[in-house]
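For clarity, every value in this text was computed on a predicted model and none was experimentally measured. Naming convention: chains lettered A, B, ... in sequence-line order (proteins, then strands); numbering from 1 in each chain.
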Amino acid sequence: MHWADHAALSLSENGKLQVCASGITPSGEFHIGHIREILTAEMIHRACLDLGLESKYIFIVDSMDPLRRVYDFLSPSYEKYIGTPLAFIPAPGPDGEPDNSGGSYAEYFLNPFLNSLKKIGVTPEIIMNHETYEDGKFSEKIDSAILNKDKIRNIIEEISGRELPDNWFPYSPIGSDGSMDGVEVTSYEKPYVYWKDRLGIEGKSNIMKAEGKLPWRIDWAARWGIHQITSEPAGKDHGSSGGSYDTGIPICRLLGSDPPKKMVYEWIQLKGMGPMSSSKGVTIGPVEALNLVPPEILRYVIARSKVNRHIDFDTGSTLFETADEYERLLSDMSANEERGLNRRQRIAKETNLGALKFSQIYRGDDPFKSLGGVSFRHLSLLAQIKNRDEDVWTSLRKSNHIRIGPNKILIERLSRMRNWIDGPHFPEKSKIIIHRVACDEAIEFIDEQKKSFLTELKSKLNDCEWSENGINNLIRMISKNSNITTKDCYVALYWLILGKNNGPRIASIMSELDKDKVILLIESLP
RNA sequence: GGGCCUGUAGCUUAGUCAGGUAGAGCGACGGGCUUUUAACCCGUCGGCCGCGGGUUCGAAUCCCGUCAGGCCCGCCA
């Protein structure tokens with residue numbers, strides 16, 4: 001059984017109404033790590049629906065969270081906004097300076113992300129957390145938290161092992177300059193929290209409005225109750241023992257609600273570069289990823305991996321393999337029957353089918369409709385050899401990958417493949433590099449006999465039709481009349497042109513090159 | 001210091017929750033496609049399931065220990 005179906009099944013024991021949630025702080029660029037947060041919850045939501053439960057999926061934007069520090073991509077003028085909720089800070093303009101015409105900081109980073117989510121078929125109910133505060137929905141929880149201040153303090157200190165300062169208070173009011181930093185609470189009289197800020201100015205915050213917020217650990221526990229959340233997978237940072245999940249559960253109960261069951265997902269890492277971090281520049285954005293691979297493949301990256309296993313993401317060969325695995329699974333699924341499968345194979349097949357199901361952009365779509373019929377590896381080859389799309393289709397027709405014209409899926413794949421190849425993420429290993437002069441290995445491999453074959457070939461090139469077939473026929477003809485095997489003739493050409501001992505059909509590569517270039521290349525042999 | 005994840009064929013890994021003869025892909029090798037391939041099809045090779053112990057008729061799977069790698073524990077998915 002797929003993990004999402006399994007999660008849904010265990011949720012179903014607690015009732016028919018399910019609310020699956022994700023929460024992200026929009027403090028900077030979103031990256032594919034956030035995609036895991038989103039998709040883990042969204043797939044469980046879909047699984048609930050598949051099971052016949054009533055379920056909704058909400059995405060809570062932590063717009064009330066304060067700016068923690070001035071990130072590298074921000075201008076130093078953001079210094080004054082540290083401690084201010086992201087919803088109340090102007091977005092950075094093109095120069096990194098605060099720009100009042102560009103909406104809020106939170107929206108600035110959120111909107112492109114929502115766009116990408118739409119492309120992968122995720123359409124959550126979006127809740128801006130600062131609006132929940134503005135609407136007074138937090139007020140009861142805030143009141144309750146303040147009244148239970150000592151109990152909450154105990155929970156946090158005991159479970160997290162952290163020691164809270166003496167002046168700690170379970171509510172952070174916003175001071176006169178908009179920041180929550182250095183604001184000390186002096187007293188509480190519902191609905192007002194009285195305070196003195198770091199400038200020495202005194203004031204009060206109404207807990208019915210967005211004039212302050214609960215600290216993170218309490219905020220999280222409170223919203224579980226406010227939104228009736230039954231499932232919220234959290235990143236491993238919240239999941240380690242003593243982390244915010246562990247303190248959230250008893251705090252949520254203390255505030256009068258049932259918490260969701262703890263579920264922790266592992267992080268996505270960029271292969272060889274450790275965990276993703278926007279501030280360190282170790283990141284790949286969803287927009288970037290979607291320029292390379294189709295949305296169903298991006299979903300599949302998440303769907304195929306168990307929640308508690310980390311994912312090594314890289315835009316090189318791993319992504320190729322994952323994409324090809326998707327294609328292969330699809331064709332295998334239609335082929336073999338249930339019979340003759342033992343228990344393990346049945347489970348594996350069932351799980352794989354689940355992964356395919358959750359990879360579809362729209363729930364209920366037939367996975368087989370997303371079958372391209374050509375491996376990504378092969379497509380990358382053709383895309384590099386053939387400059388014109390039409391030639392790619394011709395080649396695919398010849399190899400029986402497609403019958404008539406390419407379908408929409410394939411056309412989109414080729415266009416993405418060209419992006420991939422032209423961009424910085426395409427793996428070196430898969431690149432086809434045309435040599436301009438013979439490399440050392442080529443010179444070593446090409447002995448006198450092979451050289452005379454090439455010389456002969458060169459002299460006939462001008463008479464031959466400059467097409468894949470014409471060139472290939474010429475190669476075959478000359479090789480037959482030479483003393484070496486056909487295979488050696490081809491290998492010599494591979495070494496000469498690509499610097500490797502094999503490759504895609506050499507005639508098709510040559511036909512895309514200028515004749516003069518080929519001639520110069522042969523002449524570059526000593 | 002506390003905790004999590006991982007260790008299975010050359011590489012990537014499934015199978016671990018519900019113990020019952022180790023599966024797959026890539027690579028390599030061989031063959032086919034009377035045209036070469038990193039296409040396509042068929043086949044072969046390849047695993048003391050990190051190591052040691054225990055439970056069991058039976059362990060990759062459960063338990064204990066141990067080694068190695070990665071990660072989290074101020075904010076970060």
Value in whole Å for how far the P atom of B/G69 lies from CH2 of A/W267: 21 Å
Quote, to the nearest angstrom, the C1' distance that separates B/A38 from B/A22. 30 Å
So if I take every side-chain heavy atom of A/P504 and compare against B/C76, B/A38, B/A77, which nucleotide ends up nearest? B/A38
Measure from the ring center of A/H401 to the ring center of A/W393 and say whether it is less than 6.0 Å. no
Work out how far the P atom of B/G65 is from that of B/G27, and round it to whole angstrom. 43 Å
With rounding to the closest Å, how many angstrom separate the P atoms on B/U21 and B/A60? 10 Å
For A/F320 and B/C11, give me the distance from atom CZ to atom C1', rounded to whole Å. 17 Å
Stems for RNA chain B (at least 3 consecutive Watson-Crick or G-U pairs, under 3.5 Å) come to B:1-7 with B:67-73, B:10-13 with B:23-26, B:28-32 with B:40-44, B:50-54 with B:62-66
Residues in side chain to side chain contact (heavy atoms under 4.5 Å, CB included) with A/D447, at least two apart? A/Q449, A/K450
Side chain to side chain contact (heavy atoms under 4.5 Å, CB included) filter on A/S179, not counting sequence neighbours, yields A/T84, A/D177, A/D181, A/R198
Length of the line joining A/E325:CD and B/G23:P, which is rounded to integer Å: 19 Å
salt_bridge(A/E232, A/K261) N-O dist < 4.0 Å: no
Span that lies between the C1' atom of B/C33 and that of B/G69, in whole angstrom: 46 Å
Expressed as a whole number of Å, how far does the C1' atom of B/A28 sit from that of B/C75? 49 Å
Which atom pairs, one a donor and one an acceptor, fall under 3.5 Å between side chains of residues 371-380 of chain A and the rest of the protein, sequence neighbours left out?
| unit_1 | atom_1 | unit_2 | atom_2 | d |
| --- | --- | --- | --- | --- |
| A/S375 | OG | A/H378 | N | 3.0 |
| A/S380 | OG | A/R377 | O | 2.8 |

Expressed as a whole number of Å, how far does the C1' atom of B/G54 sit from that of B/C45? 36 Å
Work out how far the P atom of B/G53 is from that of B/U61, and round it to whole angstrom. 13 Å
Could you check how far CG of A/L319 sits from C1' of B/U12, rounded to whole Å? 14 Å
Protein-nucleotides 39-43 of chain B N/O pairs under 3.5 Å:
| unit_1 | atom_1 | unit_2 | atom_2 | d |
| --- | --- | --- | --- | --- |
| B/A39 | O2' | A/H401 | NE2 | 2.9 |

Could you list all the salt bridge (charged side-chain N to carboxylate O under 4.0 Å, His left out) pairs where at least one residue sits in residues 110-120 of chain A, not counting sequence neighbours? none
Checking A/R403 now: which residues fulfil side chain to side chain donor-acceptor pair (under 3.5 Å) with it, not counting sequence neighbours? none
For a ring pair (Phe, Tyr, Trp, His ring centres under 6.0 Å) check, start with the C-alpha distance between A/F109 and A/Y105, then their side-chain angles and the critical distance, and finish with the verdict. CA-CA 7 Å; A/F109 289 108; A/Y105 187 102; 5.1 Å; yes
Of the nucleotides B/U16, B/C75, B/A77, which has the atom closest to the A/H34 side chain? B/A77
Please list, chain by chain and in numerical order, all residues satisfying side chain to side chain contact (heavy atoms under 4.5 Å, CB included) with A/P233, sequence neighbours excluded. A/T40, A/A41, A/I44, A/S231, A/M263, A/Y265
Give me the distance, rounded to whole Å, that separates B/G7 from B/C51 when you measure between the C1' atoms they each carry. 11 Å
A/Y326 atom OH is separated from B/U12 atom P, nearest whole Å, by 25 Å
Side chain to side chain donor-acceptor pair (under 3.5 Å) against A/Q384, all qualifying residues, sequence neighbours excluded: none
Tell me: CD1 of A/I82 to P of B/C75, nearest whole Å? 16 Å
NA contact type, A/H6, heavy-atom cut-off 4.0 Å: base, sugar-phosphate, or nothing? nothing
Starting at the 5' end of RNA chain B and moving along, which residue's nearest nucleotide shows up first, A/S27 or A/R304? A/R304
Any stacking of A/Y265 on B/A77, going by centres under 5.5 angstrom and planes within less than 30 degrees? no
What nucleotide among B/A77, B/G15, B/G25 has an atom nearest to a side-chain atom of A/E37? B/A77
Give the rounded distance in Å between these two atoms: CD of A/E327 and P of B/C26. 14 Å
Looking at A/T25, does any N or O in its side chain come under 4.0 Å of the phosphate oxygens OP1/OP2 on B/A77? yes
Pick base, sugar-phosphate or nothing for A/S395, based on heavy-atom distances below 4.0 Å to the nucleic acid. nothing
Residues that A/N387 engages under side chain to side chain contact (heavy atoms under 4.5 Å, CB included), provided they are two or more places apart: A/E512
Would you tabulate the pairs of protein nitrogen or oxygen atoms and nucleotide nitrogen or oxygen atoms of nucleotides 3-5 of chain B closer than 3.5 angstrom?
none

Are any of the side-chain nitrogens in A/R223 or A/D62 under 4.0 Å away from the carboxylate oxygens of its partner? yes
If the condition is side chain to side chain donor-acceptor pair (under 3.5 Å), which residues does A/S467 pass it with, not counting sequence neighbours? A/E465
For A/L9 and B/C17, what is the distance between atoms CG and P respectively, to the nearest whole Å? 17 Å
